[in-house]
Amino acid sequence: MSKHILIVDDSASIRQMVEMTLKSAAYQVTTANDGQAGLDLCKKQQFDFVLTDQNMPRMDGLTLIKSLRGLANYRTTPIVVLTTEAGDDMKAKGRAAGATGWMVKPFDPQKLLAVSSKVLG
């Protein structure tokens with residue numbers, strides 16, 4: 001059974017590009033358009049990996065990560081931030097919130113697949 005990945009990003013074009021990249025590697029993909037929608041989905045079902053943007057309406061990526069880490073089912077689930085934010089301060093905040101990793105947009109599809117493969121074991 002293929003791994004199920006949740007993509008959380010308010011940009012429809014980014015969601016679509018990430019989804020196409022991951023589906024090309026036979027991953028099952030679900031998308032959410034902001035952190036609150038992503039959290040709602042995670043409360044209903046289990047994902048093997050969450051890929052989230054940082055800057056979104058309703059709930060940002062760091063708040064989503066903290067919220068997910070508070071759920072028993074998501075304490076050890078890989079969560080990677082895919083964002084335009086590249087500063088060391090923001091990356092440190094991501095690690096403190098519980099992010100597994102950090103990728104900067106625009107993303108390289110091959111690097112995304114490599115990261116996905118690595119965090120999913």
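These numbers come from the heavy atoms of this one structure, side chains and all, not from hydrogens, waters or symmetry mates.
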Counting distance only, does the side-chain N/O of Arg69 pair as donor-acceptor with the main-chain N or O of Thr77 below 3.5 Å? yes
Which heavy-atom pair separates Asp34 from Val8 by the least distance, and what is that distance? O-CG1, 3.3 Å
Interatomic spacing from CG in Leu41 to CD in Gln36 - rounded to 0.5 Å: 10.5 Å
Using modelled atom types and a 3.5 Å cut-off, is there a donor and acceptor pairing between side-chain atoms of Gln54 and backbone atoms of Leu62? yes
If you group Ile, Leu, Val, Met, Phe, Trp and Tyr by side-chain heavy-atom gaps below 4.5 Å, do Val115 and Met20 land in one group? no
What is the minimum heavy-atom distance between Leu22 and Ser116, and which atoms define it? CD2-OG, 3.4 Å
Taking side chain as C-beta onward, heavy atoms only, is Val29 less than 4.5 Å from Ile7? yes
The reported gap from NZ in Lys3 to CG in Leu120 (rounded to nearest 0.5 angstrom) is 6.0 Å
Lys105 with Asp9: basic N within carboxylate O range, under 4.0 Å: yes
Can you name the closest pair of heavy atoms from Met56 and Asp53 and give their distance? CE-O, 3.3 Å
Between the OH atom in Tyr74 and the CG atom in Leu39, the distance rounded to the nearest 0.5 Å is 9.5 Å
I need the minimum non-hydrogen distance between Ala99 and Val81, along with the two atoms involved. CB-CG2, 4.1 Å
List, one per line, each side-chain donor-acceptor pair under 3.5 Å for residues 82-96, sequence neighbours excluded.
{"unit_1": "Thr83", "atom_1": "OG1", "unit_2": "Glu85", "atom_2": "N", "d": "3.2"}
{"unit_1": "Glu85", "atom_1": "OE2", "unit_2": "Asn55", "atom_2": "ND2", "d": "3.0"}

Closest contact, heavy atoms only, Gly38 versus Leu64: C-CD1, 4.3 Å
Is Ile5 close to Val18 at the side-chain level, that is, under 4.5 Å between some pair of heavy atoms? no
Measure the shortest side-chain to side-chain distance between Leu112 and Leu51 over non-hydrogen atoms and say whether it is less than 4.5 angstrom. yes
Between Thr63 and Met59, is there a donor-acceptor pair closer than 3.5 Å when you use the side chain of the first and the backbone of the second? no
State, with a plain yes or no, whether a side-chain heavy atom of Pro57 is found less than 4.5 Å away from one of Asp10. yes
Can Arg15 and Glu19 be counted as an ion pair, charged N to O under 4.0 angstrom? no
When you compare the side chain of Lys23 with that of Gln28, does any pair of heavy atoms fall below 4.5 Å? no
Is the closest side-chain heavy-atom distance between Val80 and Met103 below 4.5 Å? yes
Under 3.5 Å: donor-acceptor pair, side chain of Ser117, backbone of Ala114: no
May I ask you to check whether over 12 heavy atoms, not counting those of Gln16, lie within 6.0 Å of atom CD? no
Does Phe49 reach the side chain of Ile79, with side-chain heavy atoms less than 4.5 Å apart? no
Could you tell me which non-hydrogen atom of Ala26 sits nearest to which non-hydrogen atom of Ser2, and how far apart they are? O-CB, 3.0 Å
State plainly whether one hydrophobic cluster holds both Met17 and Leu6, where clusters connect Ile, Leu, Val, Met, Phe, Trp and Tyr through side-chain heavy atoms under 4.5 angstrom apart. no
What distance do Leu71 atom CG and Lys43 atom NZ have between them, rounded to the nearest 0.5 Å? 6.5 Å
Calculate, to the nearest 0.5 Å, the distance between atoms CZ and SG belonging to Phe47 and Cys42 respectively. 5.5 Å
